[in-house]
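One structure is given here, and the rest of the page talks about it.
Just so you know, these numbers use all the heavy atoms, side chains as well, and skip hydrogens, waters and symmetry mates. Being a predicted model, the structure only gives us computed values, none of them experimental.
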Amino acid sequence: MHSSSQFAPLMFDVIIAGCGPTGAMLAAELRLHDVRVLVLEKETEPVSFVRIVGLHIRSIELMAMRGLLDRILEHGRKRPAGGFFAAIAKPAPEGLDSAHAYLLGIPQPVIVHLLEEHAIELGAQVRRGCAVADFEQDDEGVTIELADGEQLRSRYLVGCDGGRSTVRKLLGVGFPGEPSRTETLMGEMEVGVAQEEIAAKVTEIHETNKVFSLRPFGEGVYRVVVPVAGVSDRAEPPTLEDFKEQLRAVAGTDFGVHSPRWLSRFGDATRLAERYRVGRVLLAGDAAHIHPPTGGQGLNLGVQDAFNLGWKLAAQIRGWAPETLLDTYQAERHPVAEDVLDNTRAQMELHSTEPGPQAVRRLLTELMDFDEVNRYLIEKITAIDIRYDFGKGPDLLGRRLRDIDVKQGHLYGLLHHGRGLLLDRTERLTVGGWSDRVDYLADPTAVLDVPCILLRPDGHVAWIGDDQQDLDDHLSRWFGKPAN
């Protein structure tokens, strides 16, 4: 690109490439702070195929924090929060630390639409049929060139444009990891044989092949998952004939499959961006990390990236961010993605039909009968175990706080506007000059075993204590200088 900042006036605070769940969620989070946002989506129409995705506990909590959960629950189906790790069928442990201890199955186009609608209601602009072709950043902002030559200018650019991210490639950020070694076909379609026959065949195949499955999905439709020998060019969606061929190869029959609702393929490529930020350009969601879908963590990881980044980027733009605040995005989220990549690698090994991995799978299946092991793995997959490193302090420091009862109803109901919150059981503290960024609730009845907590806008505990000076230091650390 040969342009410079004098050719294009500053039009937006943030331009987001990609209007999937991560991009839409980030746009909404930024709009809570009155940031001027434009979302560019290269597809002219939303995806039509109805793939069901699962919102895990932490993502459900985030939706509750922003007042979105009731709207989303109308379109989803609650399922038990168990059997996620390598599809080892164990029930959810009792007493998970959440008011929302379930999985929410929801069609992917629906969750994307609801998040995009939420962002637009808050004032975000979305332009479809627009793709980032090039960009150039300077000290003041980023000049972005679209595929048709149009130039736009913003203070920041965020790539939420998927695993093949153009923004990441143009930025020159490395994406190390492993390419796909195996491939799996997945789709929803009708079958032409009796359910009993299917169940018997699936049970027989499961003795040696844990990836394969045909599950009824209501109204005569089955979710079909079948492994493939070798890896093809994944840019092309599979055909019904591909499914029939693989079903015959694995099961000896194609079960008379017909009338597909949607067909897709996925590999087990696992990659993590070396950096999440270079100057005024950042990465989030699949643009920053890709991994196999086992455990159903991908969409959740991206939405949680957006939640972590949104308020920090808004603070930078609003001018009150402490100097290092934006750097905490990578410091906090990169290790979380590393952990997800590792647990999906482990799960993929346990899906292998080789004798060694099968032996490990049998052993882990036994170990998961211990409540502590089962709980550990569920908390990992559902992201309620995350603890950011905020320094020394009680175990709750750096963790998310569950949706506890407070005198005004539910805690998460107080977080709809994306601000910080001081929950003060002593009724002696104040947020003082930070009241434009941090809300205050005096509630001696709150069910907490600590005197006071300071919550960040993403619901993580930033401080615990009862000393005003110590609180002021931590308010400065997370919310900058006081306004007066």
Is there a side-chain contact between [X] and [Y] (heavy atoms, below 4.5 Å)?
X: Leu454; Y: Val461; value: no
X: Leu309; Y: Leu282; value: yes
X: Asp70; Y: Ile72; value: no
X: Trp463; Y: Leu455; value: no
X: Leu114; Y: Leu68; value: no
X: Gln468; Y: Asp472; value: yes
X: Leu299; Y: Leu301; value: no
X: Tyr388; Y: Arg333; value: yes

Any chance you could measure [X], atom [atom1], to [Y], atom [atom2], to the nearest 0.5 Å?
X: Asn343; Y: Leu377; atom1: CG; atom2: CG; answer: 8.5 Å
X: Phe12; Y: Leu157; atom1: CZ; atom2: CG; answer: 12.5 Å
X: Cys452; Y: Leu441; atom1: SG; atom2: CG; answer: 11.0 Å
X: Asp466; Y: Ile453; atom1: CG; atom2: CD1; answer: 13.5 Å
X: Leu313; Y: Arg280; atom1: CG; atom2: CZ; answer: 10.0 Å
X: Ile111; Y: Glu116; atom1: CD1; atom2: CD; answer: 12.0 Å

Walk me through it: do Glu349 and Arg361 pass the test salt bridge (Lys or Arg N to Asp or Glu O under 4.0 Å)? CA-CA 9 Å; Glu349 289 297 319; Arg361 185 184 179 93; over 6 Å; no
Centroid separation Phe479 to His474 less than 6.0 Å: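 No, ring centres 6.0 Å or more apart.
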Taking the six-membered ring for Trp, is the centroid-to-centroid distance between Trp478 and Phe390 below 6.0 Å?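 Here the rings of Phe390 and Trp478 have centres that are less than 6.0 Å from each other.
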Can a side-chain donor-acceptor contact be found between [Y] and [X] if the only test is distance below 3.5 angstrom?
X: Glu61; Y: Ser98; result: yes
X: Tyr156; Y: Asp13; result: no
X: Asp305; Y: His289; result: yes
X: Gln304; Y: Ser59; result: yes
X: Tyr276; Y: Arg168; result: no
X: Thr328; Y: Lys312; result: yes
X: Asp443; Y: Gln408; result: no

Any carboxylate oxygen within less than 4.0 angstrom of a Lys/Arg side-chain nitrogen, looking at [X] and [Y]?
X: Asp327; Y: Arg277; result: yes
X: Lys90; Y: Asp369; result: yes
X: Glu150; Y: Arg127; result: yes
X: Arg477; Y: Asp473; result: no
X: Glu140; Y: Arg155; result: no
X: Asp97; Y: Arg402; result: yes
X: Glu379; Y: Arg58; result: no
X: Arg153; Y: Asp138; result: yes
X: Glu332; Y: Arg456; result: yes

[atom1]/[X]: more than 12 non-hydrogen atoms of other groups inside 6.0 Å:
X: Arg375; atom1: CZ; value: yes
X: His75; atom1: NE2; value: yes
X: Arg77; atom1: CZ; value: no
X: Tyr376; atom1: OH; value: no
X: Asp395; atom1: CG; value: yes
X: Glu121; atom1: CD; value: yes
X: His417; atom1: NE2; value: no
X: Glu427; atom1: CD; value: yes

Scan Arg345, His291, Arg271 and name whichever one has a side chain to side chain donor-acceptor pair (under 3.5 Å) with Glu178.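 Between Glu178 and the candidates, side chain to side chain donor-acceptor pair (under 3.5 Å) is satisfied uniquely by Arg345.
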